[in-house]
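Report on the following structure.
In the text below, chain A, chain B and the rest are named by the order of the sequence lines, each starting its count at 1.
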Protein chains: 2
Amino acid sequence: MAAPLSKHDVFQAIADPTRRELLHLLSDREMPVTVISSHFPMSRTAVSKHLRVLSEAGLVKERKVGREVRFRLEPEPLQELKSWLTYFERYWENKLAALKRIVEADPEGSSDASGIAPPRQRLVAAADPAERTEPR
Amino acid sequence: MAAPLSKHDVFQAIADPTRRELLHLLSDREMPVTVISSHFPMSRTAVSKHLRVLSEAGLVKERKVGREVRFRLEPEPLQELKSWLTYFERYWENKLAALKRIVEADPEGSSDASGIAPPRQRLVAAADPAERTEPR
DNA sequence: TTGACATGAAACCAAAAGGTTTCGTAATAT
DNA sequence: ATATTACGAAACCTTTTGGTTTCATGTCAA
């Protein structure tokens, strides 16, 4: 349970398209920096910096082989992203379910196949026509 | 197939911790800007800017009510993130996943709008025990 | 009306991000 | 030995980001 209090977190690491491409590239196999950078329209140094950001986020690991340094994907930290997403999943599933009910005009309308607790999101507006927020 | 070629994508939108907190806050119910900003240690204007970034990524929707503007969560765009993650899930789920993938040898992937390139598959690793990369 | 409230636009600023080129150093090849 | 290759560190530059304060405008309350 080492706290990864490093400078870059997973969310920030994957924000850049180049870095996402790097992850895909490295998911295939491990590669040295020069080979990696040959896939990108920027300097090797720039790619190297991106690799460092990924490394600080724990998303890649490096290993020295002779004079080269090979990088490989380390997917585990992506789980944080996944669990973060899980929280919101029920919201869109709920919305989709609601839409489905409307479209199908199902008179019963309460079939939720996911078994996930429904969020307390108001799908309909308040009844008050003025809709004051803070009556003072 | 509306191409979401706006300035901010989902990946970038959720990179900022404040914006992630905003999404959580708004997942509960819709809120006007002033109320939202009271939850954050920064100016209302700053929060407003974050809301705009989220809006450009399609993650929140606004609605005018009297003199206030209420924001609410719009979770659908997060599905892009989820499907992006799905690709990597196989890698972390168990160590045999990579092998399995090689065996199955999925012939073609399709690139999407998020800068993701399909990995070029090489089924055989270098045989040289010295592990030279570029024999010249 | 007049004043208070809710909000966005604008101008501004410091720091971070993303890139470059140059250089030093370790490992390999000849 | 000597040249070549692989790489990171450093210095530098430009653009973006995340924040601020100030101001204008629309809406509501008295």
**Item:** Residue A:Ser48, side-chain heavy atoms: nucleotide from C:dA26, D:dG8, D:dA9 that is nearest
**Value:** D:dG8
**Fill in**
Between B:Asp16 and A:Arg52, whichever has its closest DNA chain D nucleotide further toward 5' is A:Arg52
**Beyond-backbone contact of A:Leu54 with A:Ile14, side-chain heavy atoms, under 4.5 angstrom** = no
**Most 5' of A:Lys49 and B:Phe71 on DNA chain C, judged by nearest nucleotide** = B:Phe71
**Asked** Should A:Glu74 and A:Lys61 count as an ion pair when the cut-off is N to O under 4.0 Å?
**Response** no
**Request:** Could you state the atom-to-atom distance from CG of B:Leu51 to C1' of C:dG8 in whole Å?
**Result:** 12 Å
**Request:** In whole angstrom, give the distance that lies between atom CZ of A:Arg63 and atom P of C:dA27.
**Result:** 16 Å
**Request:** When you get a sec, tell me which of C:dA6, D:dG18, D:dC7 is the closest nucleotide to the side chain of A:Glu68?
**Result:** D:dC7
**Request:** Respond yes when some side-chain nitrogen or oxygen of B:Gln12 is under 4.0 Å from OP1 or OP2 of D:dT17, and no when none is.
**Result:** yes
**Fill in**
Among the nucleotides D:dG8, D:dG19, D:dG26, whichever has the atom closest to the side chain of A:Arg44 is D:dG8
**Complete:** B:Lys64 NZ to D:dT25 P, in whole Å, measures 14 Å
**Message:** Tell me whether A:Arg20 is salt-bridged to B:Asp9, with the criterion being a basic N under 4.0 Å from an acidic carboxylate O.
**Reply:** yes
**Asked** So does B:His8 get a side-chain nitrogen or oxygen closer than 4.0 Å to the phosphate oxygens (OP1/OP2) of D:dT16?
**Response** no
**Asked** Counting just side-chain N and O atoms, does A:Thr45 come under 4.0 Å of either OP1 or OP2 of C:dT20?
**Response** no
**Request:** Give a yes/no answer on whether the side chain of B:Arg67 brings an N or O atom under 4.0 Å of OP1 or OP2 in D:dA29.
**Result:** no
**Message:** I'd like to know whether B:Lys82 forms a salt bridge (charged side-chain N to carboxylate O under 4.0 Å, His left out) with B:Glu80, so could you lay out the CA-CA distance, the side-chain angles of the two residues, the decisive distance to 0.1 Å, and finally the verdict.
**Reply:** CA-CA 5 Å; B:Lys82 181 177 176 146; B:Glu80 185 189 354; over 6 Å; no
**Ion pair B:Lys64/B:Glu62, N-O distance below 4.0 Å** = no
**Message:** Below the 4.0 Å mark, does D:dC7 have OP1 or OP2 next to a side-chain nitrogen or oxygen of A:Thr34?
**Reply:** yes
**Prompt:** Taking CZ from A:Phe11 and C1' from D:dG18, how many angstroms apart are they, rounded to a whole number?
**Reply:** 19 Å
**Prompt:** Toward the 5' end of DNA chain D, which comes first, A:Val69 or B:Val53, by nearest nucleotide?
**Reply:** A:Val69
**Message:** Before we go on, tell me: are the rings of B:His50 and B:Phe40 under 6.0 Å apart, centre to centre?
**Reply:** no
**Request:** Establish, with yes or no, whether the OP1 or OP2 oxygen of C:dT20 is under 4.0 angstrom from a side-chain nitrogen or oxygen of A:Ser43.
**Result:** yes
**Request:** Please state whether the base of C:dG18 and the side chain of A:Arg19 form at least one donor-acceptor pair under 3.5 Å?
**Result:** no
**Asked** Just how far, in rounded Å, is P of D:dT17 from CG of B:Asp9?
**Response** 10 Å
**Prompt:** Starting at CZ of A:Arg70 and ending at P of D:dG8, how long is that distance when rounded to a whole Å?
**Reply:** 14 Å
**Request:** Establish, with yes or no, whether the OP1 or OP2 oxygen of D:dG19 is under 4.0 angstrom from a side-chain nitrogen or oxygen of B:His50.
**Result:** yes
**Item:** Gap between atoms CD and C1', on B:Glu21 and D:dG18 respectively (whole Å)
**Value:** 15 Å
**d(CD1, B:Ile14; C1', D:dG18) in whole Å** = 18 Å
